[in-house]
Colleague: 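Sharing a structure below in structure tokens format, with a few things to ask.
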There are 2 protein chains.
Amino acid sequence: MTIAQRNTGKETRIQREKREVILKAALDVFSIQGLRGATLEKIAEAAGMSKPHVIYYFGSKDAIYARLLESLLEIWVSPLRDLSRDGDPMTEILTYMRRKLKMSRDMPRESKLFATEILHGAPRTKATLSGDLKTLVDEKAAIIAGWSAEGKIARLDPHHLIFSIWAMTQHYADFDVQVRSILPETGGDALFDEADAFLTSMFTRTLRPAKA
Amino acid sequence: MTIAQRNTGKETRIQREKREVILKAALDVFSIQGLRGATLEKIAEAAGMSKPHVIYYFGSKDAIYARLLESLLEIWVSPLRDLSRDGDPMTEILTYMRRKLKMSRDMPRESKLFATEILHGAPRTKATLSGDLKTLVDEKAAIIAGWSAEGKIARLDPHHLIFSIWAMTQHYADFDVQVRSILPETGGDALFDEADAFLTSMFTRTLRPAKA
DNA sequence: GTCTATAAATCGATAGAC
DNA sequence: GTCTATCGATTTATAGAC
């Protein structure tokens, strides 16, 4: 009997640490190979334990994948959640863009995992997308639309503005292989410094209200 | 013995049509399920023939996938190839963006196939990315840099400008499930009309040269 | 060329010893 | 809790009849 089956909600420190080692290893494998491309053997090897041991802690391969997605979702939307009606409009939006860009820099595997899930039709997350996520995006889009109406930023579709921030920041994580193949060798975080400068400039020009 | 093995280069009209039926079916399956998620059985079913028949025409599942990628690459970069030094800078770049957006609208499966390949590390295309594609992008980036230097468009990093066009146009194809989950029901091509308007506005403001 | 039947390999999950 | 050994299901690919 696996822990997953008889678990009553509590777990020891050892158990929690084991789970974290497995989740970390699984993220490495899933983010590059995808759900079907990843095998229990590769995950077990990356985690430094045997296949049955991995199953013992999570019950199934799908359960690991689902757990990863679930724990990722809240972190993933937190920058948008922090966008506040009370701040300076331009600062709020640029800060949101920068936080998303930093997440792409610091959590590329998480970004890829999420991208693969949506790319393949989001079978596990579709309900969340059209539920909680839509609610959050609509709420923040309304704030941005308000700023537009007040003339504090340019008039533009707030939903597509949010999409554009997602697209451009996540692009540097999801398609890093392509980006780095084309760009001259940029050591370390230089790529993201360049991206920050470019995106800051682009969104500043896009958002600046037309002269009255 | 399969056709793939004894093929000497020539093929009949019937054979070509069969291959195209299989490739079309394979694109449907691969683009949603990925390379490992797709099975020969699903491809055969979508193509209306038996599993061994599919193998008979292509030799292996991987060969179908590789062929799809290969035939996609040239079409995929053709809009960038057409960007001309001799045209009006703003028009050339906006036209490029629109052609990419139309490709996302009309060829979403191809976009997803390519996205998945790169996302998973581009094991089959990495050489092309850092070879032919890099050469092409560098060449077009130099044209854009020239326009910037002449003051015809704003000063900005031409490579990242090209990345931003890729990111934002392909986003509507690759992550359509997410986009459509969040946006109010927009029938048919309305989504892409909205995207066109938004991106035209965004890139116009970004590219407009600062007043002298 | 096209099929049914099946071989061969892979993989997720389980059994059971320790 | 952790392992080795292995089952059972899935899947790619082949054999061989027609």
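FYI, side chains are in, hydrogens and waters are out, and symmetry mates aren't considered; it's all heavy atoms of this structure.
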Colleague: Between Glu45(B) (CD) and dT11(D) (P), how many Å, whole number?
Modeller: 13 Å
Colleague: Show me the pairs that pass salt bridge (Lys or Arg N to Asp or Glu O under 4.0 Å) and involve residues 52-64 of chain B, at least two apart or across chains.
Modeller: Asp62(B)-Arg124(B)
Colleague: If I take atom CZ in residue Phe58(B) and atom C1' in nucleotide dA13(D), what distance separates them, rounded to the nearest angstrom?
Modeller: 16 Å
Colleague: Roughly how many Å is it from CD in Glu17(B) to P in dG1(C), rounded to a whole number?
Modeller: 12 Å
Colleague: Looking at dC3(D), I'd like to know if its phosphate oxygens (OP1 or OP2) sit under 4.0 Å from a side-chain N or O belonging to Ser50(A).
Modeller: yes
Colleague: With sequence neighbours excluded, tell me which residues meet side-chain contact (heavy atoms from CB on, under 4.5 Å) with Val77(A).
Modeller: Glu74(A), Arg81(A), Leu133(A), Leu136(A)
Colleague: How does protein reach along nucleotides 11-18 of chain C, written 5' to 3' as B (base within reach of a heavy atom under 4.0 Å), S (only sugar-phosphate), or - (no contact)?
Modeller: SBBB----
Colleague: Separation of Ile43(B) atom CD1 from dT11(D) atom P, in whole Å?
Modeller: 12 Å
Colleague: According to side chain to side chain donor-acceptor pair (under 3.5 Å), who are the partners of Lys112(B), at least two apart in sequence or on a separate chain?
Modeller: Asp176(B)
Colleague: Using the test side-chain contact (heavy atoms from CB on, under 4.5 Å), find all partners of Thr95(A) that sit at least two apart in sequence or belong to another chain.
Modeller: Thr91(A), Arg99(A)
Colleague: If you count heavy atoms of other groups shown closer than 6.0 angstrom to CD of Glu45(B), is the number above 12?
Modeller: no
Colleague: Under the side-chain hydrogen bond (donor to acceptor under 3.5 Å, both in side chains) definition, can you give me all pairs with a residue in residues 139-148 of chain B, not counting sequence neighbours?
Modeller: none
Colleague: Please check the phosphate of dC3(C) (OP1 and OP2 only) for any side-chain N or O of His53(B) closer than 4.0 Å.
Modeller: yes
Colleague: What is the nucleic acid contact for Tyr57(A), judged by heavy atoms within less than 4.0 Å: base, sugar-phosphate only, or nothing?
Modeller: sugar-phosphate
Colleague: Roughly, in whole Å, what's the span from OH in Tyr65(B) to P in dT12(D)?
Modeller: 14 Å
